[in-house]
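Report on the following structure.
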Amino acid sequence: MIRAVKGTRDLLPPSTSVWNHVEAVARGVFRSYNYHEIRTPLLEETQLFARGVGEETDIVTKEMYTFEDRDGSSLTLRPEATASVMRAYIEHRLDQRPGMQKLYYMGPMFRRERPQKGRYRQFFQIGAEAIGSESPVVDAEVIEMVVDLLEGVGLEGFTLLLNSVGDSKCRPAYISQLREALAKVAPNLCEDCQRRVITNPLRVLDCKVAEDQPIIDKLPSILDHLDEACRQHFETVQQLLRDRKIPFEVRPRLVRGLDYYMRTTFEVVHGALGAQNSVLGGGRYDGLAEAIGSKVAAPGIGFSIGEDRLVMTVENAVKGEALDLLIAALGEAALKRSAELARGLRSLGLSVEIVSDRRPKRALELADKSGARFAAIVGDEELLSGIVGVKNMRTDEYVSVAFENIAEGLRSNK
RNA sequence: GUGGGUGUAGCUCAGCUGGUAGAGCGCUGGAUUGUGGUUCCAGUGGCCGAGGGUUCGAAUCCCUCCACCCACCCCA
């Protein structure tokens with residue numbers, strides 16, 4: 001048997017209606033903040049991610065789906081979208097368009113990791129990027145939008161974590177101090193951390209091993225090492241969030257795995273997701289444009305939602321897309337008349353199913369099992385009288401109406 | 001890449017110390033020529049993850065491999 005490849009999956013009904021719901025809510029929220037959709041290719045030149053995401057990151061060193069094209073060039077299935085959006089921004093000179101560019105996207109990303117709960121090799125992200133401004137006002141609005149979106153799809157009990165990771169001017173100094181401090185305590189840390197001390201000292205801050213916590217708490221905090229500009233920026237973002245009554249927790253130890261982040265970073269976590277508790281991550285990336293070879297500066301901030309994870313948390317809260325009417329047609333003539341009726345109803349946006357190969361009882365049973373709102377039987381009697389008995393499957397109400405009045409009845413009961 | 005767990009019907013799972021498969025749910029039909037949800041009856045269903053070994057005989061014991069899940073790493 002041929003199966004879906006490891007880490008990929010088929011999304012089947014009724015689950016797909018949850019996905020549609022999440023995406024519809026997202027589009028609505030994006031529209032209300034004046035964001036517009038951008039669609040970039042799933043394939044990019046490998047260099048884009050190597051430079052944009054960071055040569056040393058896990059994504060680039062071991063998780064990318066990279067292959068050689070027939071002409072010898074190296075292509076990669078996108079592991080994330082921000083670099084692509086920035087590439088498109090530069091390529092099409094969107095900086096020349098009036099005002100800031102507020103863009104959103106949704107679609108599949110690919111990373112070759114070992115799958116587990118909430119993690120797939122093909123996974124879906126919904127994200128947005130605001131490019132063309134360094135202002136903390138934009139940071140606050142992006143975060144406000146994120147909260148709107150999550151609440152809009154019905155997510156409850158999430159926590160917004162906030163931090164600033166400084167910029168290219170103040171972060172290097174902090175990291176060297178951190179290295180110094182780590183050198184002294186390294187032998188007392190867990191095995192993973194001892195490795196991180198060398199590979200990526202910031203990651204030590206993210207360690208979850210209980211015994212390490214007291215040691216990590218004593219390490220220097222990035223927030224004490226921000227330069228004046230970064231400190232101001234971070235202060236303002238926090239003030240604007242308070243003004244908007246958006247609850248958040250400052251987590252000086254919140255670090256992100258992608259090299260391009262600077263200043264504001266944030267994350268939304270939710271229990272009930274297993275070990276992968278992060279639903280969304282984002283931050284500012286003022287140096288990204290230059291990193292991928294742009295001559296013009298393009299400061300920006302964005303975020304990305306793990307749609308698979310979000311759907312997991314709201315799966316039960318969303319109702320499916322119910323069938324409006326199931327018609328049991330008895331005989332040739334009735335089938336013909338039913339098809340006419342269905343055509344009219346469908347053109348009004350109602351969903352209709354015709355069943356002509358089952359006894360009425362079985363047809364009703366099917367209506368019940370498929371969650372139809374109404375059911376009707378069309379046979380010789382109805383053809384003669386022009387009157388159909390329409391049954392409300394939820395309330396058991398049963399009304400006789402003329403063929404031409406069915407639409408109205410269905411719609412008023414919706 | 002590393003650990004742990006699990007693989008028997010479409011789904012959830014029973015099958016004790018070896019005697020070549022069961023239940024519930026589902027699906028199809030009937031009881032009930034045209035009105036669902038309850039009941040009852042019948043039918044449909046499986047190279048017991050794959051290969052090899054032990055044995056007269058293996059779903060069951062042994063070995064190898066594979067797949068899926070969870071976790072680590074890391075991230076959405």
Side-chain angles (χ1 to χ4, degrees), chain A residues 1-9 12 53 56-63 78-82 106-127 146 190-193 195-196 199-200 202-203 206-209 254-258 261 266-270 273-283 302-313 326-331 334 355 357-383 388-396 398:
Chain A
M1 187 170 68
I2 299 177
R3 312 166 49 97
V5 312
K6 186 198 280 288
T8 71
R9 54 189 187 145
L12 308 173
V53 177
E56 302 306 319
T57 59
D58 277 24
I59 291 179
V60 171
T61 57
K62 55 186 195 195
E63 295 172 2
R78 65 180 186 191
E80 59 109 48
T82 301
M106 44 185 73
M109 310 294 158
F110 305 85
R111 292 183 201 172
R112 199 180 182 292
E113 298 177 88
R114 193 76 170 262
Q116 68 187 75
K117 188 179 175 68
R119 162 182 295 162
Y120 306 96
R121 289 185 172 184
Q122 174 177 328
F123 59 103
F124 293 79
Q125 289 191 330
I126 297 176
V146 154
C190 69
E191 232 175 88
D192 287 328
C193 281
R195 188 173 41 71
R196 292 179 184 127
T199 59
N200 189 349
L202 282 177
R203 283 251 143 255
D206 216 20
C207 177
K208 278 131 200 151
V209 176
L254 172 69
V255 293
R256 308 220 52 79
L258 285 60
Y261 285 121
F266 54 98
E267 178 168 336
V268 172
V269 294
H270 187 88
L273 275 178
Q276 309 306 318
N277 67 346
S278 171
V279 196
L280 171 158
F303 66 87
S304 179
I305 295 171
E307 190 174 3
D308 304 77
R309 295 178 185 177
L310 182 56
V311 165
M312 226 189 290
T313 63
L326 182 142
I327 303 169
L330 309 179
V355 172
D357 58 354
R358 291 187 185 221
R359 286 172 36 212
K361 178 177 171 80
R362 294 296 177 194
L364 266 285
E365 201 177 307
L366 185 62
D368 182 44
K369 284 172 180 164
S370 53
R373 296 170 53 235
F374 291 92
I377 291 168
V378 175
D380 294 339
E381 284 177 33
E382 288 75 15
L383 293 181
V388 184
V390 177
K391 181 165 185 176
N392 184 323
M393 300 295 288
R394 310 275 161 78
T395 65
D396 267 9
Y398 184 81

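Every chain is numbered from 1 and lettered A, B, ... according to where its sequence line falls, protein lines coming before strand lines. Hydrogens, waters and symmetry mates play no part in the numbers below; they use all other heavy atoms, side chains included. These numbers come from a predicted model, not from an experiment.
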Review point. For A:R119, which residues count as a salt bridge (charged side-chain N to carboxylate O under 4.0 Å, His left out) partner, sequence neighbours excluded?
Key: A:E113
Review point. Using a cut-off of 4.0 Å on non-hydrogen atoms, how would the nucleic acid contact of A:E80 be classed: base, sugar-phosphate, or nothing?
Key: nothing
Practice item. Not counting sequence neighbours, which residues clear side chain to side chain contact (heavy atoms under 4.5 Å, CB included) with A:S278? List them please. Key: A:E267, A:R309
Practice item. Can you tell me, in whole Å, how much space there is between the P of B:G57 and that of B:G19? Key: 14 Å
Point to revise | B:A21 and B:C47, which share atom name C1', separated by this distance in whole Å | key: 13 Å
Review point. Excluding sequence neighbours, so at least two apart, what forms salt bridge (charged side-chain N to carboxylate O under 4.0 Å, His left out) with A:R9?
Key: A:D308
Check your understanding: What interatomic distance, in whole Å, is found between P of B:C69 and the corresponding atom of B:G37?
Key -> 37 Å
Review point. What's the shortest heavy-atom distance between A:G7 and A:P115, and which atoms?
Key: CA-CG, 3.8 Å
Revision key, fill the gap. A:E63 CD to B:C73 C1', in whole Å, measures 9 Å
Revision key, fill the gap. Those residues at least two apart in sequence (or on a different chain) that pass salt bridge (charged side-chain N to carboxylate O under 4.0 Å, His left out) with A:E365 are A:R362, A:K369
Exercise for review: Produce a footprint string for nucleotides 66-71 of chain B: one letter per nucleotide, 5' end first; B if the base is under 4.0 Å from any protein heavy atom, S if only the sugar-phosphate is, - if neither.
Suggested key: -SS-SB
**Study point:** Interatomic distance at C1', B:G34 relative to B:C41, whole Å
**Key:** 23 Å
Review point. For the pair made of CG in A:L326 and C1' in B:G37, what is the distance, rounded to whole Å?
Key: 15 Å
Revision key, fill the gap. Encoded 5' to 3' (Watson-Crick or G-U under 3.5 Å; [ ] crossing; | other strand), RNA chain B becomes (((((((..((((.....[..)))).(((((.......))))).....(((((..]....))))))))))))....
Exercise for review: Identify, between A:M393 and A:F124, the residue whose nearest nucleotide on RNA chain B lies closer to the 5' end.
Suggested key: A:M393
**Study point:** Partners meeting side chain to side chain contact (heavy atoms under 4.5 Å, CB included) with A:K62 (sequence neighbours left out)
**Key:** A:D58
Exercise for review: Heavy atoms only: give me the nearest A:V255-A:L202 pair and the separation to one decimal.
Suggested key: CG2-O, 3.6 Å
**Study point:** Distance, nearest 0.5 Å, that separates CD of A:E307 from CE of A:M312
**Key:** 11.5 Å
Review point. Given the C1' atoms of B:U64 and B:U44, what is the spacing between them in whole Å?
Key: 37 Å
Exercise for review: Using the P atom on both, measure B:G15 against B:A9 and round to a whole Å.
Suggested key: 15 Å
Practice item. Would you please name every residue forming a side chain to side chain contact (heavy atoms under 4.5 Å, CB included) with A:R114, sequence neighbours left out? Key: none
**Study point:** d(CZ, A:R111; P, B:C74) in whole Å
**Key:** 14 Å
Check your understanding: Just how far, in rounded Å, is C1' of B:A76 from CD1 of A:I126?
Key -> 11 Å
Study note, to complete from the structure: side chain to side chain contact (heavy atoms under 4.5 Å, CB included) filter on A:S304, not counting sequence neighbours, yields A:Y105, A:Q125
Check your understanding: If the P atom of B:G29 is compared with that of B:C63, how far apart are they to the nearest Å?
Key -> 49 Å
What's touching nucleotides 24-35 of chain B from the protein side, N or O pairs under 3.5 Å?
| from | atom 1 | to | atom 2 | distance (Å) |
| --- | --- | --- | --- | --- |
| B:C27 | OP2 | A:K369 | NZ | 3.1 |
| B:U28 | OP1 | A:R358 | NH2 | 2.6 |
| B:G30 | OP2 | A:R359 | NH1 | 2.9 |
| B:G30 | N7 | A:R362 | NH2 | 2.8 |
| B:U32 | O2' | A:R359 | NH2 | 3.2 |
| B:G34 | OP1 | A:R359 | NE | 2.5 |
| B:G34 | OP2 | A:R359 | NH2 | 3.4 |
| B:G34 | O6 | A:D380 | N | 3.3 |
| B:G34 | O6 | A:E381 | N | 3.1 |
| B:G34 | N1 | A:E382 | OE1 | 2.8 |
| B:G34 | N1 | A:E382 | OE2 | 3.1 |
| B:G34 | N2 | A:E382 | OE2 | 2.4 |
| B:U35 | O2' | A:K391 | NZ | 3.4 |
| B:U35 | O4 | A:Y398 | OH | 2.8 |

Point to revise | Test ring-ring contact (aromatic ring centres under 6.0 Å, His included) applied to A:F124 - qualifying residues, sequence neighbours left out | key: A:W19
Exercise for review: Using the P atom as the reference point in each nucleotide, state the distance between B:G5 and B:C61 in Å, no decimals.
Suggested key: 16 Å
Practice item. Give a yes or no answer on whether the side chain of A:R111 reaches the backbone of A:P79 with a donor-acceptor pair at less than 3.5 Å. Key: yes
